[in-house]
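Lettering follows sequence order; numbering is per chain, from 1.
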Amino acid sequence: MNTLKLELRNTWKSIVIGALAFCGFTFFILAFFPSMQTDAMKQLAGAKLEGIDPVLLAAFGLGELFDFTLITNYFGYVLQYLTIAVMIFMMQQAVTSLVKEETDGTIELLYSKPVSRTHIFVQKGLANLFMLLIVLAALDVTTTVGYLLFTDFTLTAAIKETSIFYGSIFYVGLIYLSVGMLLSAILKSSKSASGVVIAVVFGTYILGIIGIIVEKLSFLRYLSPMEWIKTQKLLNEGILSVEWLIGISVIVITLTAAHDIYKKRDLRL
Amino acid sequence: MVTESRVIKGFTGYVPSDVRYYRNLTVGRLIKVSNRFHRGSFDDETERLCDLFELDLTKRFDELSTGNKKKVAIVCALAFKPKVLILDEPTSGLDPVMQKRLFTELTNQAANGVAILLSSHNLGEVQEYCDRVVFIKQGRIVTTADLAEFSQPQKIVMVRGGKEICHSNFQLLENRRDKRIYRYRGEPGILLELLKQAAPDDVTIANESLDEYFMDLYGQGELK
């Protein structure tokens, strides 16, 4: 547990700041919801969106979320961008978790202690998992409070809907964390982490959009985890069997490969 | 292949040459964390070492000078009572008082049965405190030496003018103009007699130190 505690002690500040920023943004967006229900806003949004190609609307997650007077549509639309931000933030933590110790030279202390590399890998993975849970739990609580304050949802209904949202984001988060751990075991320096993280998260997001716009390439949706949890699709169909299969396979394969690479990795100081 | 890495590291203390620990932790926290890996706590021995090396436990690691960082690493390596100590340039950054305290502490540890491996470019401290020396060049062991031999060292004799000395006890190391440098092995009396016969204008006699031995090994490109 020492490595886990050490990791949490080293990262808790950035996690708290990140969680506060995400929660503040979420609350701010939910506080705007009552104003979306006015007739003037309905006409304004409707007039602007009706002229746009439905495929393009679908590509940007507006396919069936047209009516912003419904909180599920309104928040669901914002949630996809919030998810991208959370994934970038959490994946950044995962990508730096192993390689940053080497870049900073702090790994020399850990490697001189009676712990195996497997132990370090597992404890760092658990720390990443714990941090993801903390951020999503904070967001879930904030969203539930926002639903209660700014909509007519009951507590039970609000908890049910937000649990579906953040439960699915947790699953997608696990996939990005696993890929992040693999990249952390491969990268030579943590300095390139930010670029790689943005490329992976936006890359998979854009693959999903291409999958919607180009029918022949619709299979690309399966390579875009964020496409699996778009609000209407999630509420209507849930996460499909094939998406569970792909996601779990990616988690198992990337974590196994990351562990194997990390165990054989030469120490660079 | 090392299969007992965890066990070995459990009784081995290590001081790196360039100490780069977690910069946002305080000195006290770092030492506690280090001890916990060995199932220890901030005990009396840790407190004694912190006092000995005058560590400010409340300072953050990134606020420390190079010497203080080195002292933190030394305390972390010693605090859990290791059986083996590996120190890489332990005196770099330490002031002479701390260097003296470190070697006194290491001498005590060695007397209590701790095996100490010290890597250093300061051959004076090696000669003064170590029992055996291993010379390494480009990752390969060049030679090993028992430093007890250096307690009755060979002489380095520098002669100006006079006749050249040809004797089996003398090895000519350098010959420039009227200045000749010899290594001498043998009785002091014979040395003085031979010098008298050579009638030099000036002579300097010094004990051969590890520095000369090192220069002899490394400096003349004789290692193949």
Side-chain angles (χ1 to χ4, degrees), chain A residues 1-18 92-93 96-124 126-128 130-131 184 188-191 193 259-260 262-269, chain B residues 1-42 60-62 64 66 69-70 72-90 117 119:
Chain A
M1 293 295 278
N2 287 322
T3 314
L4 175 63
K5 282 185 198 166
L6 191 58
E7 185 73 4
L8 293 176
R9 193 178 289 280
N10 285 328
T11 50
W12 73 269
K13 272 187 192 168
S14 68
I15 292 298
V16 168
I17 292 168
Q92 175 79 16
Q93 299 291 335
T96 53
S97 59
L98 297 171
V99 70
K100 192 170 187 297
E101 295 250 16
E102 231 170 87
T103 308
D104 293 351
T106 52
I107 194 68
E108 213 166 8
L109 176 67
L110 269 188
Y111 279 175
S112 71
K113 298 299 169 194
V115 288
S116 65
R117 290 198 185 191
T118 299
H119 169 93
I120 294 172
F121 182 84
V122 170
Q123 302 270 306
K124 294 226 174 227
L126 287 175
N128 289 332
F130 185 71
M131 289 185 281
S184 195
K188 289 181 178 165
S189 165
S190 63
K191 287 168 188 163
H259 174 248
D260 205 41
Y262 186 64
K263 270 189 85 171
K264 293 173 185 166
R265 185 182 170 108
D266 274 340
L267 181 59
R268 297 185 195 94
L269 286 172
Chain B
M1 180 186 273
V2 178
T3 54
E4 300 295 332
S5 168
R6 280 183 71 174
V7 179
I8 293 167
K9 288 191 282 187
F11 57 74
T12 306
Y14 173 62
V15 177
S17 170
D18 180 17
V19 185
R20 293 190 290 168
Y21 289 171
Y22 299 95
R23 48 189 297 171
N24 56 332
L25 298 189
T26 62
V27 170
R29 176 63 59 190
L30 261 171
I31 296 169
K32 269 184 201 165
V33 166
S34 170
N35 279 359
R36 267 201 220 121
F37 276 103
H38 300 275
R39 303 188 190 287
S41 58
F42 201 98
R60 276 166 52 120
F61 187 73
D62 59 358
L64 301 179
T66 308
K69 285 178 181 172
K70 186 71 82 175
V72 173
I74 290 167
V75 171
C76 284
L78 288 168
F80 67 94
K81 303 182 188 82
K83 291 179 186 168
V84 177
L85 259 176
I86 300 172
L87 305 106
D88 192 355
E89 303 287 352
L117 286 97
S119 162

So for atom NZ, which belongs to B/Lys69, do other residues, nucleotides or ligands contribute more than 12 heavy atoms lying within a distance under 6.0 Å? yes
Chain A: which of B/Gly13, B/Pro16, B/Ala77 shares the most heavy-atom pairs with it under 4.5 Å? B/Pro16
Taking atom CZ of A/Arg9 and atom CG of B/Asn24, what is their separation to the nearest 0.5 Å? 9.5 Å
Can any side-chain N or O of B/Lys9 pair as donor or acceptor with the backbone N or O of A/Tyr111 at less than 3.5 Å? yes
Residue pair A/Asp104 / B/Arg20, side-chain heavy-atom distance below 4.5 Å: no
Cut-off 4.5 Å, heavy atoms of chain A, and the answer for B/Arg29 is side chain
What's the spacing between A/Lys5 NZ and B/Arg36 CZ if we round to 0.5 Å? 5.0 Å
Report yes if some heavy atom in the side chain of A/Lys113 is under 4.5 Å from a heavy atom in the side chain of B/Tyr14; otherwise report no. no
Atom CZ of B/Phe42: over 12 foreign heavy atoms under 6.0 Å: yes
Output for pair (B/His38 NE2, A/Asn2 CG), nearest 0.5 Å, gives 10.0 Å
For the residue pair B/Tyr21 and A/Glu108, confirm or rule out a side-chain donor-acceptor distance under 3.5 Å. no
Are any non-hydrogen side-chain atoms of B/Tyr22 and A/Leu110 less than 4.5 angstrom apart? yes
Which region of B/Ser34, side chain (C-beta onward) or backbone (N, CA, C, O), has a non-hydrogen atom less than 4.5 Å from a non-hydrogen atom of chain A, or is it both or neither? both
Atom pair CG (A/Leu6) and CZ (B/Phe37), whose distance is rounded to the nearest 0.5 Å: 5.5 Å
Could you check whether atom CZ of A/Arg117 has more than 12 heavy atoms from other residues, nucleotides or ligands sitting under 6.0 Å from it? yes
Heavy atoms, side chains only, cut-off 4.5 Å: are B/Leu30 and A/Leu109 in contact? yes
